[in-house]
Novice: 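Quick one: the structure is below, and I'll ask about it shortly.
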Amino acid sequence: MEKISSFNAQIEASIKNYWDLDALTDYKGATLQYQDVARKIEKLHILFENSGVVKGDKIALCGRNMSNWAVAFLATLTYGAVAVPILHEFTAEQIHHIVNHSEAKLLFVGDVVAKQVDPDKMPALEGIINIPDYSLMISRSEALTNARENLNRFFGEKYPKFFRKEFINYYKEEDPNELCIINYTSGTTGFSKGVMIPYRAMWSNLDFASQVLDQELHPGDNTISILPMAHMYGMAFEFIKEFMTGCHIYYLTRIPSPAVVAQAFKDVKPIIIIAVPLVIEKIIRKKVFPKITPSIKVLMKTPVIGAKIKERIKKQVYDAFGGRLYEIIIGGAALNQEVENFLKDIKFPVTVGYGATECAPIITYADWKTHKTGSCGRQVVHMEVKIDSKHPHSEPGEILARGLNVMLGYYKNEEATRQTIDSNGWYHTGDLGIMDRKGNVFIKGRSKNMILGPSGQNIFPEEIEDALNSLPFVNESIVVQRDTKLVALVHPDMDACSAQNMSSNDVEDMMKKNLEMLNATQPPYCKISHIEIHNEEFEKTPKKSIKRFLYN
């Protein structure tokens, strides 16, 4: 194994190096400097120590993104405990299960989660701590109660004058394979497993991000956190990398609706944006596409005038994202082909990466300047990627990954671990793809989603859905197989329909036209028999992937 430095040592170094810089801000709220983060971490360490928490104990965190969530997470790792981040969108039943399954000793909760969970259904917990002010919601330990009540006194006695950076000496993990985080998957297949992430995977993801972003990301730069930190994508690339670089991270602390996100971009002016496709696609479709008339589309194709128009449109899109952007990195799912082609046509800095919770999370990536349209990049540093196919350049096969990023396994689930990581250390992603001769990976779909055609053809519903989602008045869709026929479930763009005063009959007529246009572009075995209209949005995971298993 190559030389791996201590991950916690890097947390310590970042705090000391950027002591006087702004670190974390709750959007339109309070700001913590790096020195403030250090003081809060130290107080939580005193709380842990005096309440009986020992190295290796599990500490769960469940709440919306905010500064105190980030601090509690950093305090957990730098104390030597194991963090168990839980997506706050999970149901109360799921939260109870994860807390119990992970054997968490303490649970940090946000305001909303505090009202949802039932302490009686988590009997092994010693205490529940409110994230906004670190007050005790419940304590089943006299030591914990005493530690919290006397926390300020204990801190004052330990540091009677000033708390200085020289006092910081965090727990330094010695074994790169030591367990750091248990992260429960977001359940696109309906079953959540505890992914055991070691320190080496955290270090490796950070090292990757440093190698590809350090020329663009600098101390003091503003960034914004949209994705939940409890998801590895948001944690690694909206929080960890930025914090280690001395950036100023803004947390929305509220539901990231397109309107809220768009305003935050203007206010914060982030240097980099990490997002799932849904956020970017909605901004482009709602704020950009309506301004591009048919006549403008024609002019965009002319040699000289077209270049000037594209530059003007690019400037408008750039301003919509704050005006200081180096790059938007899309992950979690493929970017809609129509939107990606448009952004590439105006030379907008967008790229698409690929990863999995089991790799903490990165597997492939390419900078926007070298990114090939339709791909999700190439294998990243510290990782190997291959396609399990006799003809990987043309015949889709399962995407396999191996390297420092790969998890230790699933917590208390050896059977699932054996099914996912083979004897040679390859992680089986469950995704199907091809790889061109330059190493660019193109995802075709999930192996579990693949549909077998009437003559044995491999049908990837995601590709049909991408084409369908580009048609008028389609917001999102799922393609399923029923009695050997393909059916498209469509949730229309209700805002657009209302703006056009369309009745339900009008919407049905439009979908019939869409069906004709879609089938004209598909091979015979991929043609859709009919479209079913869903008036409600499809249920999604926290990373905005549709829970397909509910509709198949």
Side-chain angles (χ1 to χ4, degrees), residues 6-26 29-61 63 66-84 104-111 114 125-173 229 239 243-244 246 248-249 251:
S6 166
F7 182 76
N8 282 337
Q10 290 179 267
I11 296 175
E12 180 178 315
S14 70
I15 289 175
K16 291 179 176 178
N17 291 339
Y18 310 120
W19 190 255
D20 295 318
L21 294 182
D22 290 339
L24 311 173
T25 292
D26 292 331
T31 293
L32 299 178
Q33 292 188 320
Y34 280 82
Q35 58 185 295
D36 299 321
V37 172
R39 287 191 192 90
K40 283 177 173 274
I41 287 175
E42 188 61 27
K43 284 191 174 184
L44 287 176
H45 283 181
I46 291 172
L47 179 70
F48 295 160
E49 183 178 2
N50 286 278
S51 62
V53 174
V54 298
K55 308 281 189 296
D57 277 346
K58 318 299 191 306
I59 296 178
L61 306 95
M66 64 183 307
S67 297
N68 272 5
W69 193 109
V71 171
F73 174 82
L74 294 172
T76 299
L77 265 57
T78 54
Y79 186 79
V82 176
V84 184
K105 195 169 190 175
L106 296 176
L107 169 63
F108 285 82
V109 294
D111 287 342
L125 271 181
E126 292 189 5
I128 301 178
I129 301 169
N130 292 304
I131 293 174
D133 60 2
Y134 298 143
S135 61
L136 286 179
M137 175 178 163
I138 187 171
S139 174
R140 298 185 175 122
S141 159
E142 187 176 333
L144 175 60
T145 302
N146 181 64
R148 183 62 187 91
E149 289 178 351
N150 295 283
L151 184 56
N152 288 331
R153 180 170 67 83
F154 290 158
F155 182 82
E157 290 173 352
K158 189 171 183 179
Y159 305 104
K161 293 184 179 180
F162 301 102
F163 178 72
R164 299 192 296 270
K165 66 176 76 173
E166 291 77 17
F167 298 149
I168 298 175
N169 184 23
Y170 293 150
Y171 168 75
K172 313 293 194 303
E173 73 284 358
M229 282 188 288
F239 169 37
F243 188 85
M244 300 296 205
H248 183 185
I249 306 167
Y251 294 112

Novice: Just one of L32, T31, L21 clears the side-chain contact (heavy atoms from CB on, under 4.5 Å) bar with H248, so which one?
Specialist: T31

Novice: When rounded to the nearest 0.5 angstrom, what distance separates OG in S14 from CG in L74?
Specialist: 8.0 Å

Novice: In terms of heavy-atom contacts, does CG of D111 have more than 12 from other residues, nucleotides or ligands at under 6.0 Å?
Specialist: no

Novice: Rounded to the nearest 0.5 Å, how far apart are CE of M66 and CE of M229?
Specialist: 9.0 Å

Novice: Using atom types as modelled and distance alone, determine if a side-chain donor or acceptor of N130 lies under 3.5 Å from a backbone N or O of P132.
Specialist: no

Novice: Please name the pair of heavy atoms, one in W19 and one in A38, separated by the smallest distance, quoted to 0.1 Å.
Specialist: CZ3-CB, 3.7 Å

Novice: Determine the minimum heavy-atom distance between A70 and Y251, stating which atoms define it.
Specialist: CB-OH, 3.5 Å

Novice: Measuring from N68:CG to D26:CG, what's the distance to the nearest 0.5 Å?
Specialist: 7.0 Å

Novice: Could you state the interatomic distance from CZ (F73) to CD1 (I59), rounded to the nearest 0.5 Å?
Specialist: 11.5 Å

Novice: For A72 and T76, work out which heavy atoms get closest and say how close.
Specialist: O-OG1, 2.8 Å

Novice: Indicate yes or no: at least one non-hydrogen side-chain atom of Y170 is less than 4.5 angstrom from one of I41.
Specialist: yes

Novice: Taking all non-hydrogen atoms of both residues, which atom of S6 and which atom of A9 are closest, and how far apart?
Specialist: OG-N, 3.0 Å

Novice: A side-chain contact here means heavy atoms from C-beta on lying under 4.5 Å apart; do F48 and K55 qualify?
Specialist: no

Novice: To the closest 0.5 Å, what do you measure between CG (L44) and CZ (F155)?
Specialist: 11.0 Å

Novice: Might you point out which heavy atoms bring S51 and A147 nearest each other, and give the distance in Å?
Specialist: N-CB, 4.2 Å

Novice: D20 and Q33: side-chain donor and acceptor closer than 3.5 Å?
Specialist: no

Novice: Establish, yes or no, whether a centroid distance under 6.0 Å links the rings of Y34 and F243.
Specialist: yes

Novice: Under a plain distance cut-off of 3.5 Å, with no hydrogens placed, do N8 and T78 share a side-chain donor-acceptor pair?
Specialist: no

Novice: Using the ring of each side chain (for Trp, its six-membered ring), is Y134 parallel, tilted or perpendicular to F108, with breaks at 30° and 60°?
Specialist: perpendicular

Novice: I'd like to check I168 versus F163 (side-chain heavy atoms, cut-off strictly below 4.5 Å). Are they in contact?
Specialist: yes

Novice: Which pairs, with at least one residue in residues 148-165 and sequence neighbours excluded, count as a salt bridge (Lys or Arg N to Asp or Glu O under 4.0 Å)?
Specialist: E42-K158, R153-E157, R164-E166

Novice: Under the criterion side-chain contact (heavy atoms from CB on, under 4.5 Å), which of T145, I128, I129, L144 is the partner of I138?
Specialist: I128

Novice: Nearest 0.5 angstrom please: F167 CZ to R39 CZ, how far?
Specialist: 11.0 Å

Novice: Looking at every non-hydrogen atom in both residues, tell me the closest pair between L61 and A83 and how far apart they are.
Specialist: CD1-CB, 4.3 Å

Novice: Are any of the side-chain heavy atoms of K105 and L125 separated by less than 4.5 Å?
Specialist: no

Novice: Side chains of F154 and N146: does their closest heavy-atom pair fall under 4.5 Å?
Specialist: yes

Novice: Ignoring hydrogens and angles, tell me if any N or O in the side chain of E173 forms a donor-acceptor pair with the backbone of F7 under 3.5 Å.
Specialist: yes

